[in-house]
Amino acid sequence: MSSLPRIHPKPRPGNLREVAEKLVEATGLRVQILGGTLVMSPTPRGKHAKVIYLLEKMIRPELPPDLVAVEMSSIEMPDDPDDYVTPDLLVCPSEFLDSDDWLLDPRDIEVVVEVISQSEKSREIRDKTDWYAVAGVAVLLVIDPRKGIWALHTRPDNGAYRDTLPGKFGESVPLPAPLGFHVTTDDFPVYGPSPRPRGTTTER
């Protein structure tokens, strides 16, 4: 992250979660802590939001009563006072909806969904995938509208996912047990050219 708004206290190990909460209040952006580093994400664009909307629409009717699909809820790194991530979508026990907690135990998560943003770098994607594996999230579905592809990561072990099933838009994703159903990707959009920042002009 290149810069932070003026906030107090300053970021340091041990108080990063407090700083992250103040950043959320100050900016309205999604703030995460990956490997002890504060990461701020911009508001998702329309096609990014559409993928999440379509997935949630397919997943929710298939879930048993004890599971729910929720957006923008955070997962903690076990035994780490700093690290947490906020995926685009996750499936967790329905009792979370009656809780005052804001952090979920990764061992309670059935599947996490990350939709790649237009500006994300390969290193950032690898770092986040590794984070989920280290935390022990059982199933990670990464959807990449930049290239029209997806990857289903399963069996986390020793800080890495043992199995990865790749696919492309138009091919269904087989979510493993206890979900045990497929989600289709036929209608997932692909990003167009990156829009110019507001206020920029094109030379003639």
Side-chain angles (χ1 to χ4, degrees), residues 17 20-21 24 29-35 39-44 47-80 82-117 120 124-145 150-157 159-161 163-165 167 172-185 188:
R17 287 188 183 176
E21 290 181 28
V24 172
L29 299 176
R30 178 169 59 165
V31 180
Q32 305 172 86
I33 308 175
L34 297 173
V39 179
M40 293 168 58
S41 303
T43 302
K47 288 182 178 179
H48 185 287
K50 182 177 181 179
V51 173
I52 302 166
Y53 167 78
L54 291 173
L55 264 176
E56 194 171 0
K57 187 177 178 181
M58 287 185 281
I59 288 175
R60 279 188 168 173
E62 302 292 335
L63 295 177
D66 61 333
L67 294 176
V68 291
V70 293
E71 296 182 38
M72 303 300 288
S73 293
S74 300
I75 305 170
E76 65 180 345
M77 174 66 78
D79 304 318
D80 191 310
D82 286 332
D83 278 31
Y84 73 92
V85 298
T86 306
D88 292 300
L89 185 69
L90 61 81
V91 174
C92 68
S94 56
E95 61 191 33
F96 175 67
L97 299 182
D98 295 316
S99 170
D100 290 320
D101 296 332
W102 67 280
L103 285 171
L104 284 152
D105 188 320
R107 293 162 292 193
D108 293 335
I109 309 299
E110 299 298 344
V111 62
V112 158
V113 178
E114 284 283 359
V115 180
I116 303 302
S117 298
E120 279 191 82
E124 296 170 334
I125 298 167
R126 288 195 302 270
D127 287 349
K128 189 171 287 189
T129 299
D130 290 343
W131 191 100
Y132 285 118
V134 171
V137 172
V139 179
L140 168 64
L141 174 59
V142 178
I143 299 171
D144 190 348
W150 54 263
L152 184 68
H153 303 279
T154 55
R155 298 179 63 209
D157 180 55
Y161 283 104
D163 294 333
T164 298
L165 175 66
S172 61
V173 182
L175 297 178
L179 301 182
F181 56 86
H182 288 63
V183 292
T184 60
T185 63
F188 286 0

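Pro156 and Ala133 get closest at one heavy-atom pair: CB-O, 3.7 Å. Heavy atoms only, all atoms of each residue included: Asp163 and Arg155 are closest at OD2-CD, 2.9 Å. Across all their heavy atoms, Ala69 and Glu56 have their closest contact at O-OE2, 3.8 Å. The two atoms that bring Gly159 and Val134 nearest to each other are CA-CG2, 3.7 Å, heavy atoms only. Pro145 approaches Ile116 most closely through the heavy-atom pair CD-O, 3.5 Å. Heavy-atom minimum distance, Tyr132 versus Tyr161: CB-OH, 3.4 Å.
In this structure, the side chains of Ser94 and Leu67 stay at 4.5 Å or more apart for every pair of heavy atoms. A heavy-atom distance below 4.5 Å is found between the side chains of Ser73 and Leu90. For the pair Phe181/Pro174, no side-chain contact is recorded, criterion being any heavy-atom separation below 4.5 Å from C-beta on. Inter-residue side-chain proximity for Leu89 and Ile59 is flagged as met; some heavy-atom pair is nearer than 4.5 Å. By the 4.5 Å heavy-atom criterion applied to side chains, Val91 and Leu175 are not counted as neighbours.
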Identify every side-chain donor-acceptor pair in residues 135-144 under 3.5 Å, counting partners at least two apart or on other chains, and give the distances.
{"from": "Asp144", "atom 1": "OD1", "to": "Arg146", "atom 2": "N", "distance (Å)": "3.0"}
{"from": "Asp144", "atom 1": "OD1", "to": "Arg146", "atom 2": "NE", "distance (Å)": "2.9"}
{"from": "Asp144", "atom 1": "OD2", "to": "Arg146", "atom 2": "NE", "distance (Å)": "3.4"}
{"from": "Asp144", "atom 1": "OD2", "to": "Arg146", "atom 2": "NH2", "distance (Å)": "2.8"}

Which side-chain N or O atoms in residues 103-113 pair as donor and acceptor under 3.5 Å with protein atoms at least two apart or in another chain?
{"from": "Asp105", "atom 1": "OD1", "to": "Arg107", "atom 2": "N", "distance (Å)": "2.8"}
{"from": "Asp105", "atom 1": "OD1", "to": "Arg107", "atom 2": "NE", "distance (Å)": "2.9"}
{"from": "Asp105", "atom 1": "OD2", "to": "Arg107", "atom 2": "NE", "distance (Å)": "3.4"}
{"from": "Asp105", "atom 1": "OD2", "to": "Arg107", "atom 2": "NH2", "distance (Å)": "2.8"}

TODO: Could you give me the CA-CA distance, side-chain angles and deciding distance for Leu97 and Val70, then say whether side-chain contact (heavy atoms from CB on, under 4.5 Å) is met?
DONE: CA-CA 9 Å; Leu97 299 182; Val70 293; 3.8 Å; yes

Open item on the list: The test is ring-ring contact (aromatic ring centres under 6.0 Å, His included); show your working for Trp150 and Phe188 and say whether it passes.
Closed with: CA-CA 11 Å; Trp150 54 263; Phe188 286 0; 9.5 Å; no

- [ ] Please step through side-chain contact (heavy atoms from CB on, under 4.5 Å) for the pair Thr164 and Leu152, ending with a clear verdict.
- [x] CA-CA 5 Å; Thr164 298; Leu152 184 68; over 6 Å; no

TODO: Let me see the working for Glu76 and Asp83 under side-chain contact (heavy atoms from CB on, under 4.5 Å), right down to the final yes or no.
DONE: CA-CA 6 Å; Glu76 65 180 345; Asp83 278 31; over 6 Å; no

TODO: With side-chain contact (heavy atoms from CB on, under 4.5 Å) as the test, would you mind laying out the steps for Ile125 and Glu114 before giving the verdict?
DONE: CA-CA 9 Å; Ile125 298 167; Glu114 284 283 359; over 6 Å; no

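In this structure a side-chain-to-backbone donor-acceptor pair under 3.5 Å is missing from His153 to Thr129.
Taken to the nearest 0.5 Å, the CG atom of Asp101 stands 10.0 Å off from the CD atom of Glu95. In this structure, Ser117 OG and Asp88 CG are separated by 7.0 Å, a value rounded to the nearest 0.5 Å.
Counting only residues at least two apart or in different chains, side-chain hydrogen bond (donor to acceptor under 3.5 Å, both in side chains) contacts with residues 61-71 are absent.
When only modelled atom types and interatomic distance are considered, Ser172 and Thr184 share no side-chain donor-acceptor pair under 3.5 Å.
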